[in-house]
Amino acid sequence: MKIIYSDKIFLCNEKFNILEKKALAFKEEIIAIDSLETLQKKYPKAELIKSHKHTLLLPSFINPHTHLEFSANSYTLHFGEFLIWLKSIINSRDELSKEAKNDLILEKLNWMRKTGTATIGEISSFGSDLKPCVKASKDGMRIIFFNEILGSNENQIAVKKEEFLKRFQDSLKHKSDLFIPAVSVHSAYSTHPKLAKFALDLAKERNLLVSTHLLESRAENFWLRFAKGKFKDYLKNFTSNPVPFYSVDSFLKLFKDIRTLFTHCVYLKEWENLDTNLHSITHCAFSNRLLSGKSLDLKKALKSGLNIHLGTDGLSSNISLSMLDEMRANLLIHKDFNLLELAKKLILMATLYPAKALNLNLGEIKIGKSADFSLFEVKECENLQLPLQFILNAKFVEKLFIKGKECKF
Ligand code: MCF
Ligand code: FE
């Protein structure tokens, strides 16, 4: 048993309660929340963790959408419009993934932990991120490993299935509490229905989490809704008369009864066709600015009752994998919110909401939840201002705990 004291605690419950001068008693899970004195009396043998600084304790961040295999990108990929980016990533993906060796991915994983993230959802395109992700999970980081399937060529279905299955089975060998194999269907424009069905049947059969990219660009919107636009021109390079594999509705139907994280959704209109219990939206503001030319209407999205949470996407469409940087970007773009209210919401969108989306027993400081939390040094500040001031100023953790164990960086 351990006890940790903090000057301030963000519980990250819906009401966003802030505790002052309280302590947690914890093993792998949070056991009690009370004054330090009471907890020390109740658990006299517990080890006391006390910082000499003025601190804020909050659930560690969950970043449910990364692409670590593209971590070597800077200056390589082209931004400003989706198809320009897509062409550049298709041209450079082999070279970029060769550059993103084990050590670079491990460095990024470690940096994420330093910036307060204990859980990630990694979209694995090739499987070259498997080894470092497994290592990180053994060192104390929770990884949801989404094995990606994609391919549009009818003649390559069998090869693609086999290659996906091999990667999935390789990831399954490492399954543990902190390493969770899952499935990613890349997108409606890139994944043949036979491949999508194959991967989603596997997900249903094994009760796996699923992630997919949806309606992120104007080009994709035009393609799925009207079968025209820049996507059509681009696909004409490969087939004489390309047609979309799905309508928005028929794509959404594939995910019926499957716990799925839909990433981007900036052009989504069919809010009511998503399942509020199982479906959620991963909002990647920075990525949308670089690729999509449009931001998510967060007010409208939240009104739909769906779980909307934050993700950074990869360094293929961002300059940082820190959820704090992503929150700062969000503060700037969602101008139709009260700033102090938005700050609280964004912190929940990096803790409680992604935990719910991934069905994990964490993301909140509450008895019975996994002891996944971080401690940041903060300055004296009134509670009303603290969530905003924390987002504006915080960079690195003082301490990070995952399942009750302190991470060594
Ligand atoms: O989320 C962004 C933008 N949308 C789609 N895909 C990716 C993103 N960042 C990386 N990707 C990867 C994707 O997983 O890029 C490749 C896929 O492997 C595109 S290949 C059509
Ligand atoms: Fe992505």
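Note that ligands are numbered from 1 as they come in the structure, with each ligand's atoms numbered from 1 the same way.
Looking at ligand 1, you'll find an N or O of D313 within less than 3.5 Å of one of its N or O atoms. Polar contact with ligand 1: present for H264 (N/O pair, distance under 3.5 Å). In terms of polar-atom proximity, S190 is not counted as a contact of ligand 1, lacking any N or O under 3.5 Å from an N or O of the ligand. Polar contact check, S125 against ligand 1: a nitrogen or oxygen pair lies under 3.5 Å apart.
Of all the heavy atoms of T263, none lies under 4.0 Å from any atom of ligand 1, so neither backbone nor side chain is involved. When non-hydrogen atoms are compared, ligand 1 lies under 4.0 Å from the side chain of S316 (C-beta onward) but not from its backbone.
Closest to atom 15 (O) of ligand 1, if we only count protein heavy atoms, is I89 CD1, 3.5 Å. Among all non-hydrogen protein atoms, the one lying nearest atom 4 (N) of ligand 1 is E216 OE2, 2.6 Å. Looking at atom 7 (C) of ligand 1, its nearest protein heavy atom turns out to be W85 CH2, 3.4 Å. Looking only at heavy atoms of the protein, atom 6 (N) of ligand 1 is closest to H186 NE2, 3.1 Å. Among all non-hydrogen protein atoms, the one lying nearest atom 20 (S) of ligand 1 is R93 NH1, 3.4 Å. Here the heavy atom of the protein found nearest to atom 11 (N) of ligand 1 is H67 CE1, 3.3 Å.
Taking the six-membered ring where the residue is Trp, the centroids of F231 and F222 are separated by 6.0 Å or more.
Considering K87, E148, E220 only, the shortest heavy-atom separation from atom 18 (O) of ligand 1 involves E148.
Side-chain contact annotation: H279 with D275, donor-acceptor N/O pair under 3.5 Å absent. A donor-acceptor contact under 3.5 angstrom links the side chains of T263 and H65, judged on distance only. Counted by atom type alone, T312 and N318 present zero donor-acceptor pairs between their side chains at under 3.5 Å.
Using a 4.0 Å heavy-atom cutoff, E69 is absent from the residues neighbouring ligand 1.
At a cut-off of 2.8 Å, H65 coordinates the Fe ion (ligand 2) through an N, O or S atom. The Fe ion (ligand 2) has no N, O or S atom of C284 inside 2.8 Å of it.
Rounded to 10°, the angle formed at the Fe ion (ligand 2) by H67 NE2 and D313 OD1 is 90°.
Within ligand 1, the atoms closer than 4.0 Å to a non-hydrogen atom of L86 are 21 (C), numbered from 1 in the order shown. In summary, the atoms of ligand 1 found under 4.0 Å from a heavy atom of L291, numbered by their order in the structure, are 3 (C).
At distances below 3.5 Å, not a single donor-acceptor pair connects side-chain atoms of S92 with backbone N or O atoms of E95. Between the side chain of N307 and the backbone N or O of Y353, at least one donor-acceptor pair lies under 3.5 Å. Put simply, the side chain of K2 gets close to the backbone of G404: a donor and an acceptor are under 3.5 Å apart. For S176 (side chain) and L178 (main-chain N/O), a donor-acceptor pair under 3.5 Å exists by modelled atom type.
Considering every non-hydrogen atom in both E81 and K230, the closest pair reads OE2-CD, 3.8 Å.
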Chi angles and distances behind the salt bridge (charged side-chain N to carboxylate O under 4.0 Å, His left out) call for K294, E220: CA-CA 12 Å; K294 189 174 187 267; E220 181 183 352; over 6 Å; no
In sequence, state the C-alpha distance, the side-chain angles, and the governing distance for K253 and D249, and then conclude on salt bridge (charged side-chain N to carboxylate O under 4.0 Å, His left out). CA-CA 6 Å; K253 279 207 181 91; D249 282 337; 5.9 Å; no
With salt bridge (charged side-chain N to carboxylate O under 4.0 Å, His left out) as the criterion, how do R167 and D170 come out once you've worked through the C-alpha distance, each side chain's angles and the decisive distance to 0.1 Å? CA-CA 5 Å; R167 279 187 287 117; D170 283 349; over 6 Å; no
